[in-house]
Amino acid sequence: MPRPAPADAREFSRRLRAWFRRNARELPWRDTRDAYRILVSELMLQQTQVSRVLDFYARFLERFPDLAAVAAARKSQVLAAWRGLGYYARARNLHKLARRVVREEPHVYGGALPATPAELRQLPGVGAYTAGAVTNFAYEKRAALVDTNVARVLRRCFAPHLRPKRARDVTRLWAIAEAVLPRTGRAAWAHNQALMELGALVCTARVARCSRCPVRSICTSADLESGLR
DNA sequence: AAAGCGGGGAG
DNA sequence: CTCCCAGCTTT
């Protein structure tokens with residue numbers, strides 16, 4: 001099982017974060033540590049591009065400022081605010097989640113979102129990625145996360161033979177993500193954000209813009225700008 | 001392991 | 001036109 005050497009992992013993360021500090025887009029969900037707001041952004045961003053989520057995010061939060069507001073609303077009202085975004089199961093799951101955390105099992109949750117991947121995974125609509133994202137992006141606790149961006153970047157950089165379609169290879173990518181993750185939650189936050197930003201802006205699905213990549217000297221697939229895969 | 005779920009944008 | 005997108009649930 002291919003895993004980057006610790007020295008390569010540190011260098012990879014260090015360069016990645018340095019690049020992020022200079023090239024990060026300003027996105028509303030990066031300015032908050034409110035777990036609810038992070039959760040809403042992650043749900044909206046599932047299989048949905050940033051540019052389109054931006055059209056809905058602020059308006060949705062204005063209508064539903066916190067989890068209690070979602071729990072207090074009818075499902076149809078949440079769906080109405082979601083209209084146009086697609087994948088409406090996400091809105092139904094958010095409503096179910098809010099009802100459970102705020103109303104049905106407040107003794108379990110204290111009315112707030114949990115802060116560990118295992119607990120978050122219990123909630124409807126929250127899978128492995130979203131659980132890691134809330135844990136790290138909201139609570140700044142150290143947690144690995146793998147979405148399509150991260151999977152692509154890590155695969156091209158460290159394990160080009162893996163095929164993210166296969167479940168077993170996805171497990172390996174999570175292991176690599178864990179192996180390159182910095183120790184502290186704070187550094188892990190920047191690392192994860194940077195990894196996803198690199199996948200969105202530089203190391204994209206159709207085009208690998210290696211000439212602009214901060215980790216090309218480490219990357220296994222570097223300068224195969226049309227290698228894709 | 002594979003299908004189903006939305007709708008818009010990039011190439 | 002085809003593929004892709006800060007995935008998850010169900011079959």
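Reckoned from all heavy atoms, side chains included, excluding hydrogens, waters and symmetry mates. This structure is a prediction, so every number in the text was calculated from the model and none was measured. First the proteins, then the strands, lettered A, B, ... as listed; each starts at 1.
Taking a 6.0 Å sphere around CZ of A:R83, one finds it holds 12 or fewer heavy atoms contributed by other residues, nucleotides or ligands.
Taking 4.5 Å as the limit, some side-chain heavy atom of A:V180 sits within range of a side-chain heavy atom of A:L154.
Positionally, the nearest nucleotide of DNA chain B for A:R166 lies more toward the 5' end than for the other of A:R166 and A:S51.
Nearest heavy-atom pair across A:Q46 and A:T130 is NE2-OG1, 3.1 Å.
Residue pairs that meet the ring-ring contact (aromatic ring centres under 6.0 Å, His included) test with at least one member in residues 95-136 of chain A, sequence neighbours left out, do not exist here. Under the ring-ring contact (aromatic ring centres under 6.0 Å, His included) criterion, the residue pairs touching residues 34-74 of chain A are A:W29-A:Y57, A:F60-A:F64, A:F60-A:W82, with sequence neighbours excluded.
Distance check on atom P: C:dC3 versus B:dA3 gives 15 Å, rounded to whole Å. Taking atom C1' in both C:dC4 and B:dG6, the straight-line distance is 13 Å, to the nearest Å. Nucleotides C:dA6 and B:dG11 are separated by 13 Å at their P atoms, to the nearest Å.
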>> Across nucleotides 2-11 of chain C, 5' to 3', mark each nucleotide with B, S or - according to how protein heavy atoms within less than 4.0 Å reach it.
In response: BBSBBBSS--
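The span of DNA chain B lying next to chain A, judged by atoms under 4.0 Å from heavy atoms, is bounded 5' to 3' by B:dA1 to B:dG11.
Taking the salt bridge (Lys or Arg N to Asp or Glu O under 4.0 Å) definition, one finds that A:R59 meets it with nothing, sequence neighbours left out. Partners of A:D8 under the side chain to side chain contact (heavy atoms under 4.5 Å, CB included) rule, at least two apart in sequence or in another chain, are A:A5.
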>> side chain to side chain contact (heavy atoms under 4.5 Å, CB included), that's the test. Do A:R33 and A:I38 meet it? Break it down for me.
In response: CA-CA 7 Å; A:R33 296 296 182 275; A:I38 298 294; 5.8 Å; no
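Using a 4.0 Å heavy-atom cutoff across all strands shown, A:L85 reaches at least one base atom of the nucleic acid.
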